[in-house]
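Chain naming here is simple, since letters A, B, ... match the order of the sequence lines and numbering starts at 1 in each. The basis for the numbers below is simple: all heavy atoms, side chains too, and nothing from hydrogens, waters or symmetry mates. None of these values were measured; they are calculated from a predicted model.
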Amino acid sequence: DAGVTQSPTHLIKTRGQQVTLRCSPKSGHDTVSWYQQALGQGPQFIFQYYEEEERQRGNFPDRFSGHQYPNYSSELNVNALLLGDSALYLCASSFRGTLYQPQHFGDGTRLSIL
Amino acid sequence: EDKVVQSPLSLVVHEGDTVTLNCSYEVTNFRSLLWYKQEKKAPTFLFMLTSSGIEKKSGRLSSILDKKELSSILNITATQTGDSAIYLCAVEAIGGGADGLTFGKGTHLIIQP
């Protein structure tokens, strides 16, 4: 039973570029959440997707956008990259149909902006 | 705005010691509090505490939720070097705001042999 998988594992970009990160949820999960974890900090919630729609959003600018596909996989897109976007980007999945289900995390994508 | 504060931020102990990690929170419409262990990459789920489940135990790890004090503790007894990690506390709110988790900064635990 595969857990949450993310790709790529590492990525280097320059300021102003655009990036797409990908996530496949754990089998049986239908909800995907994205988090940004800067060095020495806890993860910060970016947004959550369910039924192919963005359901909730944290305090992140419009440069951060996403998508969910019918097979529940998801993408995180970041435009006009800034140095401050350097971080570990974590994807978490869960099943919305049952209360009190913990989110399960992938290994993340380490994004470095030069 | 939901808020989670963890203490201490770092802790160094010797193998065999018992440690207690603290988490306090402010959240509108509390649903649950979760503990995760993060070694190199993915945070790994440890416990979920709710109004109907305020104590959890698994092996040497245990956790208690104090809804009156808006806090939780994570205890690890007979620590081993493999317990070295960052321990993250997070809270989840019911609807209204983000369904996402609000995390603290974590406690960096180092177990010395």
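There is no path of hydrophobic side-chain contacts, each under 4.5 Å, that joins Phe105(A) to Tyr89(A). Cluster annotation: Leu82(A) and Leu111(A) are assigned to distinct hydrophobic clusters (Ile/Leu/Val/Met/Phe/Trp/Tyr, side-chain heavy-atom contacts under 4.5 Å, transitive). The hydrophobic clustering, which links ILVMFWY residues whose side-chain heavy atoms are closer than 4.5 Å, places Leu88(B) and Leu61(B) apart. Side-chain heavy atoms closer than 4.5 Å link hydrophobic residues (I, L, V, M, F, W, Y) into clusters, and following such links, possibly through other members, connects Phe47(B) to Tyr87(B). By the criterion of side-chain heavy atoms lying less than 4.5 angstrom apart, applied directly or through intervening Ile, Leu, Val, Met, Phe, Trp or Tyr residues, Tyr50(A) is not grouped with Val32(A); the two fall into different hydrophobic clusters.
Annotation for Lys3(B): atom NZ does not count as buried by contact number, only 12 or fewer foreign heavy atoms lying within 6.0 Å. Residue-environment remark: CG (Leu114(A)) exceeds the threshold of 12 foreign heavy atoms within 6.0 Å. The environment of Asn59(A) atom CG is sparse: at most 12 non-hydrogen atoms of other residues, nucleotides or ligands sit within 6.0 angstrom. Crowding of Tyr72(A) atom OH: a count of heavy atoms from other residues, nucleotides or ligands under 6.0 Å not exceeding 12. The environment of NZ in Lys105(B) is sparse: at most 12 heavy-atom neighbours from other residues, nucleotides or ligands sit within 6.0 Å.
Residues of residues 73-82 of chain B never come closer than 4.5 Å to chain A when only heavy atoms are counted. Residues of residues 14-24 of chain A lying under 4.5 angstrom from chain B, judged on non-hydrogen atoms, do not exist. Contacts of residues 34-46 of chain B with chain A at a heavy-atom distance below 4.5 Å involve Leu34(B), Tyr36(B), Gln38(B), Lys41(B), Ala42(B), Pro43(B), Phe45(B), listed in sequence order. Chain A is approached within less than 4.5 Å, heavy atom to heavy atom, by no residue from residues 4-11 of chain B.
Checked by atom type and distance alone, the side chain of Tyr35(A) never pairs as donor or acceptor with a backbone atom of Gly100(B) at under 3.5 Å.
Note: Phe45(A) CZ to Asp2(B) CG = 11.5 Å, rounded to the nearest 0.5 Å.
Only the side chain of Gln37(A) comes within contact range of chain B, judged by heavy atoms closer than 4.5 Å.
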